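Given the structure is predicted, the values throughout are model-derived calculations rather than measurements. Every chain is numbered from 1, with letters handed out A, B, ... down the list of sequences.
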2 protein chains.
Amino acid sequence: MNIGEAAARSGVPSKTIRYYESVGLIPPAHRTASGYRIYTEADVQTLRFVSRARGLGFSVADCANLLALWQDTARASADVKALARQQVDRIEAKVAELQSMKETLEDLMERCHGDARPDCPILSDLAGSASRCHVQETRKTA
Amino acid sequence: MNIGEAAARSGVPSKTIRYYESVGLIPPAHRTASGYRIYTEADVQTLRFVSRARGLGFSVADCANLLALWQDTARASADVKALARQQVDRIEAKVAELQSMKETLEDLMERCHGDARPDCPILSDLAGSASRCHVQETRKTA
DNA sequence: TCTTGACCTTCCGGTTACTAGAACCTCCAT
DNA sequence: ATGGAGGTTCTAGTAACCGGAAGGTCAAGA
C-alpha cells in the first residue's frame, strides 16, 4: 500500500510518517520503481504503536526505545516498566507545576472584582506587590 | 544600567531580554553612543512583571496584553480577569490530558511484572491488544 | 599606553514534533 | 490525451528561547 493508505489505516498523517522516517524513528520504507513508498500491514502496526505511545506523552526518542523493546523478544519487562515510570514521573512533575500556577491564578482571580474598575490584584501581584507567591521559581524546574 | 545588570536585577537572562525586545514584547531599549542597551529601574520592573506572568504560564503574546493592561490606568479589571480565566482553562485542559495519560500508564504498570521476563502488558497495549484505552484521541485536543 | 578580560553587539543554528506550501512527478480513469 | 488525486523533495514556520561564533567596547592594572 502507498503512504496515503498507510496513513488512513494507522491514523498517522502521511506528512508525519515521512517525518518519522526522516528522524529515524521508523526504518526507510521500501519504494516502487517510481519512488513511491510502500508499506505492509506490519508497518501500519508499527505506526499504530508509535501513535499510541505518543498519545501517552512519550517523546519520539522514547518511542524509538519502546519500539526497540517491542521488537526485541528477549527484552526484560523491567526495562519497559522503567520507561513507563519515568514517563509517569515527568507527567507528575508537569502536573504539579500546572496545579501550582492554577492555584496562584485562582487566588488572584478571587480577589479581583472583575468589573469596570481599574484596580486589579492580579496586575498588582504581577507587578510585584509582594503579597503571596505560590509558584515562584517553578520555571527552571519544569 | 546595561543589559547584564538589568538581567541580574530582573532575573531575566540577557539573551531573553534581547529576545523579548526582538519580538516586540518590550520596547527597544535606549542605546549608548557605542550601541550598548541601557535600562532604567522601570524597565527592570517591566521585566519582572513579564517574568512573573510567564511563570504563571501566560504566553508571550498574553504577556504583551497583560503589560498593556498594566500600563493602561483606565483598564477594566474585568479584562485582566478574563485573561486569567482563559489561562486557568488552558491549564485545566492540559492537566486533564496529563492525568488521563498518567492513569493509563499507571494501570499498565500495575499489570506489568517489571522483571527479567519478556512478556509485558505495556507493550501489548501499545501494540494494540485492545484491552482498555483511557486516553485515545486526546492528542488533537491538546 | 597597552593589554587583558569581562561584557557588549549581531547573527546563525539548534531545540520538539510536526504542519503548510511550493515545485514537480506519477498513476489511473475517462 | 488529459485531468485530478496523490506521490516526491525541500524549505520555512511554529514557541520561547539557549549556545556559540565573530567582532566591538570598557575599565583596570602593569
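- Contact annotation: B:R31 does not reach the phosphate of C:dC8 (side-chain N/O to OP1 or OP2, under 4.0 Å).
- Among residues two or more places apart in sequence or in another chain, the ring-ring contact (aromatic ring centres under 6.0 Å, His included) test is passed with A:Y39 by none.
- Scored by the side chain to side chain donor-acceptor pair (under 3.5 Å) test, B:S77 finds A:D115 as partners (sequence neighbours excluded).
- B:Q99 is linked by a side chain to side chain contact (heavy atoms under 4.5 Å, CB included) to A:V95, A:Q99, B:V95, B:K102, counting only residues two or more places apart in sequence or in another chain.
- B:Y36 is linked by a ring-ring contact (aromatic ring centres under 6.0 Å, His included) to nothing, counting only residues two or more places apart in sequence or in another chain.
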Interface polar pairs with nucleotides 27-30 of chain C, N/O, under 3.5 angstrom:
residue	atom	partner	partner atom	Å
C:dC27	OP1	A:S34	OG	2.6

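- When rounded to the nearest whole Å, the span between CG of A:L25 and C1' of C:dC18 equals 13 Å.
- Partners of B:D62 by side chain to side chain contact (heavy atoms under 4.5 Å, CB included), not counting sequence neighbours, listed by chain and number: B:F58, B:S59, B:N65, B:L83, B:Q87, B:R90.
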When you compare the protein's N or O atoms with those of nucleotides 21-23 of chain C, which come within less than 3.5 Å of each other, and at what distance?
residue	atom	partner	partner atom	Å
C:dG21	N7	A:K15	NZ	3.1
C:dG21	O6	A:K15	NZ	2.5

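- The terminal axes of the helix from C:dT1-D:dA30 to C:dT30-D:dA1, fitted over 5 pairs per end, subtend an angle of 40° to the nearest 10°.
- When the side-chain nitrogen and oxygen atoms of A:T16 are compared with OP1 and OP2 of C:dT19, one or more of them lie within a distance under 4.0 Å.
- Of all nucleotides listed (D:dG7, C:dC8, C:dC18), C:dC8 comes nearest to the side chain of B:I3.
- One atom, CE of A:M1, and another, P of D:dG6, lie 16 Å apart when rounded to the nearest Å.
- Sequence neighbours left out, the pairs with a member in residues 5-14 of chain A that pass salt bridge (charged side-chain N to carboxylate O under 4.0 Å, His left out) are A:E5-A:R9, A:R9-A:E41.
- Residues from residues 37-44 of chain B placing a heavy atom under 4.0 Å of any atom in DNA chain D do not occur.
- Rounded to an integer number of Å, the gap from B:Y19 OH to C:dC12 P is 17 Å.
- Residues satisfying the side chain to side chain contact (heavy atoms under 4.5 Å, CB included) test with B:T73, not counting sequence neighbours, are none.
- Closest to the side chain of A:R18, out of D:dT9, C:dA17, D:dA16, is D:dT9.
- Distance CD1 (A:I26) to P (C:dC18): 12 Å, rounded to an integer number of Å.
- A:S22 pairs by the side chain to side chain contact (heavy atoms under 4.5 Å, CB included) definition with A:Y19, not counting sequence neighbours.
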